[in-house]
Amino acid sequence: MKEVYLALKQELEKILAPDQGTTYFKTIEVESGQMSKIRGAQNTEEVTPFPALFIKFENILHTTQGRGTSLADATVRIKIVLHELILDETLIFDVVNMVNKAVIRGKDIHESLITIEKYLDEQPEFYDNIIEWNAYYKLTFQDTSGDIYGDYENANDPTINPNAPVLYPNFVDEADLAR
């Protein structure tokens, strides 16, 4: 799953601010309750520059493929957070479209992402200085984290071990091999 998160983050970092040519989002992190900490009775979150994206994996289902690999389906929520100082009230819709294009583009660039489908959008109800939007995606990806044979080397392979014995089935007459 780490590869999927990094692939999404890499694509989201490519979103540029229209007027400056710099990265649009100042913060892209794994969701760890940052907004709850900011909105709490006292802000216990470190300084979080906005605009920000927080990525959370939900409902991860694995189907074993064998040899420790699995095909995983997950719902990914990307929380888009803008500060109220942005004067254009429709900007959130443009930002959602930019995020959507970046996420969908990731499927064509990163082989760990098999399918990505837009699933749901929601605008949480908060009435403070921060505008939020949740974009949900259904992802399917190959998870090889449990592949116990990934670093296996066959000691009987002559390309790896030149001193490996040549093994033949017991019904082979070695005299026939000399011809």
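Being a predicted model, the structure only gives us computed values, none of them experimental.
- Between V4 and V76 there is no side-chain heavy-atom pair separated by less than 4.5 Å.
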*Report the C-alpha separation of F54 and V30 in whole Å, then their side-chain angles, then the decisive distance to 0.1 Å, and conclude whether the side-chain contact (heavy atoms from CB on, under 4.5 Å) test is met.*
CA-CA 5 Å; F54 302 112; V30 171; over 6 Å; no
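- A distance of 5.5 Å separates CD1 in I92 from CD1 in I80, rounded to the nearest 0.5 Å.
- Note on W133 and L120: separate hydrophobic clusters, where clusters join Ile, Leu, Val, Met, Phe, Trp and Tyr whose side-chain heavy atoms are under 4.5 Å apart, directly or indirectly.
- Sorted by first and then second residue, the salt bridge (Lys or Arg N to Asp or Glu O under 4.0 Å) pairs with a member in residues 132-141 read R39-E132, K79-E132; sequence neighbours excluded.
- The shortest side-chain heavy-atom distance between N134 and I78 does not fall under the 4.5 Å cut-off.
- Looking at I130 and L82, their side chains never come closer than 4.5 Å, going by heavy atoms from C-beta outward.
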*Give the C-alpha distance, both sets of side-chain angles, the deciding distance and a yes or no for side-chain contact (heavy atoms from CB on, under 4.5 Å) between T27 and L53.*
CA-CA 6 Å; T27 305; L53 295 175; over 6 Å; no
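- Of all heavy-atom pairs between P51 and Y24, the closest is CG-O, 3.4 Å.
- With hydrogens and angles disregarded, a donor-acceptor distance shorter than 3.5 Å links the side chain of E31 to the backbone of G33.
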_Residue pair V81, I131: steps toward the side-chain contact (heavy atoms from CB on, under 4.5 Å) verdict_ = CA-CA 6 Å; V81 184; I131 300 168; over 6 Å; no
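- Here the OH atom belonging to Y137 is positioned 13.5 Å from the OG1 atom belonging to T115, to the nearest 0.5 angstrom.
- Smallest separation of non-hydrogen atoms from M98 and I15: O-CD1, 3.7 Å.
- Listed by chain and residue number, nothing satisfies the ring pair (Phe, Tyr, Trp, His ring centres under 6.0 Å) test with Y136 (two or more places apart in sequence, or in another chain).
- In this structure, the separation between OG1 on T23 and NZ on K14 is 11.5 Å, given to the nearest 0.5 Å.
- Note that CG of N59 and OG1 of T75 are 4.5 Å apart. Values are rounded to the nearest 0.5 Å.
- Between L16 and T22 there is no side-chain heavy-atom pair separated by less than 4.5 Å.
- The hydrophobic cluster around L71 extends to I114, counting ILVMFWY residues whose side-chain heavy atoms fall within less than 4.5 Å of a member.
- Taken together through direct or relayed side-chain contacts under 4.5 Å among Ile, Leu, Val, Met, Phe, Trp and Tyr, I116 and Y119 form parts of separate hydrophobic clusters.
- Closest approach of I55 to Y5, counting heavy atoms only: CD1-CE1, 3.8 Å.
- Atom CG of L6 and atom CD of E13 lie 9.0 Å apart (nearest 0.5 Å).
- Crowding of K26 atom NZ: a count of heavy atoms from other residues, nucleotides or ligands under 6.0 Å exceeding 12.
- Shown here for L12 and F25, the closest heavy-atom pair between the two residues is O-CD1, 4.3 Å.
- Taken to the nearest 0.5 Å, the CG atom of D73 stands 11.0 Å off from the CD1 atom of I60.
- Under the 4.5 Å side-chain criterion, counting only non-hydrogen atoms from C-beta, N100 is in contact with K118.
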